[in-house]
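Read through the structure below, which is laid out as structure tokens, and then see the notes.
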Protein chains: 6
Amino acid sequence: MSLFDLPIEQLRSYLPDRDEPADFDDFWSRTLAEAGRFDLAAEFTPYDLPLPGVEVYDVSFAGWGGHRIHGWFILPRGVQEPVPCVMHYIGYSGGRGFPKDHLLWPAAGYAVFVMETRGHGGASPGSPGVTGDPHGSADVQAPGMMTRGILDPEDYYYRRVFTDAARAVDVAAAHPAVDADRIVVSGGSQGGAIAQATAALRPAVRAALVDVPFLTHFRRAVEITDRDPYQELVRFLASRREGAEQVFRTLSYFDGLNFAARGRVPVLYSVALMDYVCPPSTVFAAHNHWQGPKEITVWPWNGHEGGSGYQTEEQVRYLHKLLAG
Amino acid sequence: MSLFDLPIEQLRSYLPDRDEPADFDDFWSRTLAEAGRFDLAAEFTPYDLPLPGVEVYDVSFAGWGGHRIHGWFILPRGVQEPVPCVMHYIGYSGGRGFPKDHLLWPAAGYAVFVMETRGHGGASPGSPGVTGDPHGSADVQAPGMMTRGILDPEDYYYRRVFTDAARAVDVAAAHPAVDADRIVVSGGSQGGAIAQATAALRPAVRAALVDVPFLTHFRRAVEITDRDPYQELVRFLASRREGAEQVFRTLSYFDGLNFAARGRVPVLYSVALMDYVCPPSTVFAAHNHWQGPKEITVWPWNGHEGGSGYQTEEQVRYLHKLLAG
Amino acid sequence: MSLFDLPIEQLRSYLPDRDEPADFDDFWSRTLAEAGRFDLAAEFTPYDLPLPGVEVYDVSFAGWGGHRIHGWFILPRGVQEPVPCVMHYIGYSGGRGFPKDHLLWPAAGYAVFVMETRGHGGASPGSPGVTGDPHGSADVQAPGMMTRGILDPEDYYYRRVFTDAARAVDVAAAHPAVDADRIVVSGGSQGGAIAQATAALRPAVRAALVDVPFLTHFRRAVEITDRDPYQELVRFLASRREGAEQVFRTLSYFDGLNFAARGRVPVLYSVALMDYVCPPSTVFAAHNHWQGPKEITVWPWNGHEGGSGYQTEEQVRYLHKLLAG
Amino acid sequence: MSLFDLPIEQLRSYLPDRDEPADFDDFWSRTLAEAGRFDLAAEFTPYDLPLPGVEVYDVSFAGWGGHRIHGWFILPRGVQEPVPCVMHYIGYSGGRGFPKDHLLWPAAGYAVFVMETRGHGGASPGSPGVTGDPHGSADVQAPGMMTRGILDPEDYYYRRVFTDAARAVDVAAAHPAVDADRIVVSGGSQGGAIAQATAALRPAVRAALVDVPFLTHFRRAVEITDRDPYQELVRFLASRREGAEQVFRTLSYFDGLNFAARGRVPVLYSVALMDYVCPPSTVFAAHNHWQGPKEITVWPWNGHEGGSGYQTEEQVRYLHKLLAG
Amino acid sequence: MSLFDLPIEQLRSYLPDRDEPADFDDFWSRTLAEAGRFDLAAEFTPYDLPLPGVEVYDVSFAGWGGHRIHGWFILPRGVQEPVPCVMHYIGYSGGRGFPKDHLLWPAAGYAVFVMETRGHGGASPGSPGVTGDPHGSADVQAPGMMTRGILDPEDYYYRRVFTDAARAVDVAAAHPAVDADRIVVSGGSQGGAIAQATAALRPAVRAALVDVPFLTHFRRAVEITDRDPYQELVRFLASRREGAEQVFRTLSYFDGLNFAARGRVPVLYSVALMDYVCPPSTVFAAHNHWQGPKEITVWPWNGHEGGSGYQTEEQVRYLHKLLAG
Amino acid sequence: MSLFDLPIEQLRSYLPDRDEPADFDDFWSRTLAEAGRFDLAAEFTPYDLPLPGVEVYDVSFAGWGGHRIHGWFILPRGVQEPVPCVMHYIGYSGGRGFPKDHLLWPAAGYAVFVMETRGHGGASPGSPGVTGDPHGSADVQAPGMMTRGILDPEDYYYRRVFTDAARAVDVAAAHPAVDADRIVVSGGSQGGAIAQATAALRPAVRAALVDVPFLTHFRRAVEITDRDPYQELVRFLASRREGAEQVFRTLSYFDGLNFAARGRVPVLYSVALMDYVCPPSTVFAAHNHWQGPKEITVWPWNGHEGGSGYQTEEQVRYLHKLLAG
């Protein structure tokens, strides 16, 4: 790995123009309103594993289109009062994994709500998933999920995912053990992009933790990186040539830059300077557009693994201070 | 490439047991009957390209579930009487490509009907496709199409594809320029598997041309090859561990061995002895189970490209003799 | 793939200096004159394949040094008057392939003359060739053909190839079914380089179709790409160190820039912005130097596959308009 | 991945001869006795992270040679009585990682003691380590740790590691919060090998959890797999040719087969049939030699990731039953 | 690397049938006789490098067809009487390199004659060559030299090479500083194959040193290895399908097995059991067919690098004993 | 390979700032003084190989910490007066190899002293080594030697190596057959770095031959290359995140730039413009900082192999002129 993007001094102040459709807010209001017609229908099924220290639930709820979205909901055992809840969204290709992978926030005294990304987790032996995407596509896609329905914002895959994510916040907020005023969205890579979007779509969340976010500053990303999953987009455009303008129009409704520009809650970003997958300029661009109180941790020698557990511990401390206050 | 499978002498007589569900024929009768409730609704749109030697149509029709399936239909210009028609099914990941790729059969005096495989062709710049698979999946899948809906034969992706293929034969048969008694199914790899299945599902076809077929003798294939696309199956099983029995039950309704055992029309197979993708034993197994008149061309020094244009010219001669007779 | 070369705005006007030897034109006049001492001795052998729609000939003629050069000559069946003829030159490592690969121009009402590139096609199972290069080399070469005889312009491999190509035009022009005033040269990659050169060496051709040409702007190519076949040159220079100046002197007689600067017939270029094999600046450099009427199709999301069938259909329309006029 | 080792039926009963030096037990008694001269000198430093649900300690103690060995010791917060303790040993190249990675056993009501493998963790951004191996080597080694000191059993790297591991059990046993009668050793790959050895060296442990163990049945392993880390051994032998006999003599003191043959406590093994790194025959060989009560979980479609979280949950249930009893 | 070929016990006695044409000896007598019509025309040019310890000559002579073949001839400085001479033939793709690479035999008191393999060395920065192969080929070839002219024994590349090698012995024998009764042929891989052949074609040589020979037992080699350069043959056969029988007929005149069966001088072979390039069974087959006094050194843990410098020192000792006697 | 670094014109004058600790000279004086307390204890054991032309000794001596360092010492046989001696240091991962690899300088009339780099040579079948690094490390390291002890200049691996190298000069100087006033240090890559350092630490040497040196201009190297071994540093920093400043502080005591700035003897550098391993700007930076008489050979078309034997012959001529004068 080497330093392939802009020098750090330029990154600090990199604030590119955003390509935002005039009806961006309308699009999302309408989308969420439509989805709102489906009852959340949340179900919390106790998970059969002898873990006296926590309460583990196999949770599901009605996401976009009323489709069942699965996840984990884990509480510290024996809490007396509503606790904060960390929403955790998953990186590309992974599923929700196992309860053992999500015990940090309960150990910190919070609930954690792990939402599966629909359709992912089918080839991820270490973190499997079970949530499908029952909305087929009338058009072809490059393998992977990034181009499913990409010719039309209404049909684009991430319209469903971001809606699922916003509704997951509602599910958490409605749970009696959760303090609805202290819900935090979080995730890395794709999960970071979802957290970033959700912070804009559910502005009542208390904070956001966004690590090396994907789906952000698409134009630049596809121009400077040749790694997956951004390359799914390039492969699609290489095959469906007539559609580039249409594709970028769709993406303008989903670009992390536009969500970041609507971010008003406290946020802790992280970025890695040798990240070939989600190049640092795309991350700084989002951070620099964010409107609320913001911090960013820079990992100069890392690739897409970013800050890894070091960053997670930063987050534990960050939330400890923020949520106690 | 090296000789990694059984020696040629053993391949010649390799006749493994088949895993066939009791209701195999019922399953397919019912499937085709259900699909039959949708009108074919075929549309032939003249394609705008100045090619005086042929008539090119952008064709579409209602496949499984009434979904629009696209393809090419190309006729030699100025034929007076109905001509034979070669159905051509496409290999994994490819779309229908361009008319220029399908001019051989018209030059031979036949019509050709090129059917897209739904969902494929999204990352194939040289042979793009446009047909989506609007039937979403309530379960996860490994990227690619091979595991979409694989936990249930009713939902499995190839149930839709094979049904599309059988109905494409009906579309061709109904065209006034086609001699419905001289329809031939053909294809290589995935296309070979589709042709093999269609010959069983539409037994009135005149012949089949099956090159290095995929989706055949699944059990052995996943045990001896580590190449895609069979590995999509392994990756799925590696992640969704509880489902192996269920997966193989589903596959038993789609295994080329079971279709080959119902093949009664003349068939010309081809096989390559260094084919790591569709190992020669899986191809011979199908050929050896075929019930009708059969020939097989063996390419000893080739991989999955098989006989390439040499085999195609074999097919031209084979059909010339067969269809003239 | 990513955007690794100059930005598109700079590419549009990129017009580098050319390194042209003073005796460039003499060199080629003399070369063609010498070759002209051999009778063309063209032979057209009907190819034995039952294709009523076309007439297929296995053609051969005396190329440079009188060596037999092989190819296909295919006519629409039953034409009454001389038709235009498209000369088709082949990309690196490929042979002429099969008649099935070359049926587009006959379907468009033209003859097509497919010339093999001597020595290529020996490891290309999908498009084999049979034409050797009987002129051995007194010097070593890097594997591949690009450095054969490269220390001396007289002995350089492409001297023979470009001469073969010019003489192939003569063979076509002499055929009674061909309208000698409407011969078009075409090809992609190496084939594009040959077409580009032939348009300069046989200025009576009617037009040129040049896709992602190789062998053009050598200096820049070897500096910015690390892909084959340009890397054959680097590997040779890495081993035969004393020879760099001599090598570039030889190449100056063969550089596409110098042929392009002599191009006076109408030309349709294509270029791909993510083409690591023949970088876009090398293609634009040639196009920008071209003297005749010119157009260029830009494929922003593609690699060396360039426009693929989309570009071919552009060419069909382009010729349709041009040759009808 | 494919099935490359023996068929499952043969694996079930595969019981190869073992190569065991006559002084195997002496060697280890002496080694542990020597190490015993160093006081354990355990230190438990509270780790500064706001995690109210657990007590996290940065632990260190004097391992082989008195060298400081680091790890995590994590307790469920607020336990009243001594709890069982799971010793967790780490796979090749990984360090101890972060507390967040080890919260399952505390959630299950047990302590967990995570021991670093000396020298590992220096290039593992997701699970870093800090424990060096201060014992240099008077001989060369192939990069990695597998051949450090391999020409002499006294100097071999794993002599130090296995001794560290046995002493870590002593450290855990001496902690007031731990029930010394219910200590369980566990690990996967290299960690599985260490657990396997430790169960023999500290026979008072209550049980062992051994996943896809490395360092077992060396002879067969280097003959049938070409993957790292076993290939470190092959690369060393390829360079230090005179030493093969000496190398295998050394390894006979460390071969998991010889430890397994001394295993008398209950054990739960796991094995993956497509594991190219630690081939299934080497795992079954150990399991089949084990003398105590034993079970083995077979993962037919997995590689070296083995059972992953599925297997971990098996272990939770297994221990729940065993330790409650 | 792993043990992929027969077990060592079977290798020791592996004696496969040979495919030998009836006129094998005639073919070679005639070939050498034809070449004999060209005067050797050896030239020894002192090489301009200040090396007082040796005399270095840039040597050239007329090989097959009278073509100039280049090499090094190096003598210990100041020898009074004729010395033994080691002929050294080069491995695939390498050239003669530099005098510094060939100083061992002079240090041992012998002359060394390093013959370039015509056409090789063009992409080998560390051991460049300058000898071309001026005999072009009327047929295509796969890149590399292995298939040049392979459709006809008369035109096959190695006919020229083996003839060059036999004549190089004559050049050495005629040099006044060389003791013509003590000439030894040697080489590894391709060089081993050439030495093996030369020992049969020039039976007056005193001994042969044959390391991991290539071009031996072709049939088995192409069936069990997928590595270059044997794969050049497979790629050619994959493309020129009609020619397999013809190809193997040609190869029967060049197969090391047939030369080994004519080997009557003392030979020292070496073989590596993990050699994927020249599999051990092909080497043992030759050794086992050798008719003269023979030894073989087995390197159990090595790939195609074989015994490397260890084996060279074996050879120094072997010749010291043999030539002193 | 392509031109990825600065253009040649900028390289010629590239003179970056150096990061030099105030106590650089003290550090090294102290280090060498400490080592000086150990007697050199050199042993020259005649090597048992029948090579009448040279005297070969297996040499060892007490390096840093008194550890035995091994090497070859080779003399032209029968010299009457003390001869110059070339110290040869080895590239990364290689051992000393075999006497046959080091016969050039004896043929040139000089002695050669080949020093092993402690710890290297364990996975290098063609040039094995036997010298270990008995100084273990209390901290982790990335596999390879580059980060061993890197958190502290006192413990850093290259402190020991450079000290070994300086003392090897002393060993050579003390040998009766060596002219202590004509000792030359040499090496490529890591060997070049060692030679560069030794020329500063033992300023009485007569000259230095430095090829494509490693360990020079660390900051830039890790920013622009993604190749090993510089990447060992990046992988370490990616894992031990807290330590970057500490790491670069350590490296400032070992950076070739700081040694070059102390170089006062004549030096012949070489550099390759396509060297991705030791980028040309890092080499020119050192050359441009060198204070003594200097030359640099530029290899424009080569990667890390640099000038190979061509450069070695340059060196023979360079020393011939220099040492004769």
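Protein chains get the first letters and strands the later ones, always in sequence-line order, with residue 1 at the start of each.
The shortest heavy-atom contact between E:Trp301 and D:Ala244 is NE1-CB, 3.6 Å. Summarising the geometry of E:Ser2 relative to D:Ile224, their closest heavy-atom pair is CB-C, 4.0 Å, with the distance given to 0.1 Å.
In this structure, D:Asp26 places its CG atom where more than 12 heavy-atom neighbours from other residues, nucleotides or ligands lie under 6.0 Å away.
For D:Glu223, the parts lying under 4.5 angstrom from a heavy atom of chain E are both the backbone and the side chain.
With rounding to the nearest 0.5 Å, the separation of CE in E:Met1 from CG in D:Leu237 is 10.0 Å. A distance of 4.5 Å separates OH in E:Tyr276 from CG in D:Asp226, rounded to the nearest 0.5 Å.
Counting only distance, with no hydrogens or angles, the side chain of D:Arg241 and the backbone of E:Gly307 share a donor-acceptor pair below 3.5 Å.
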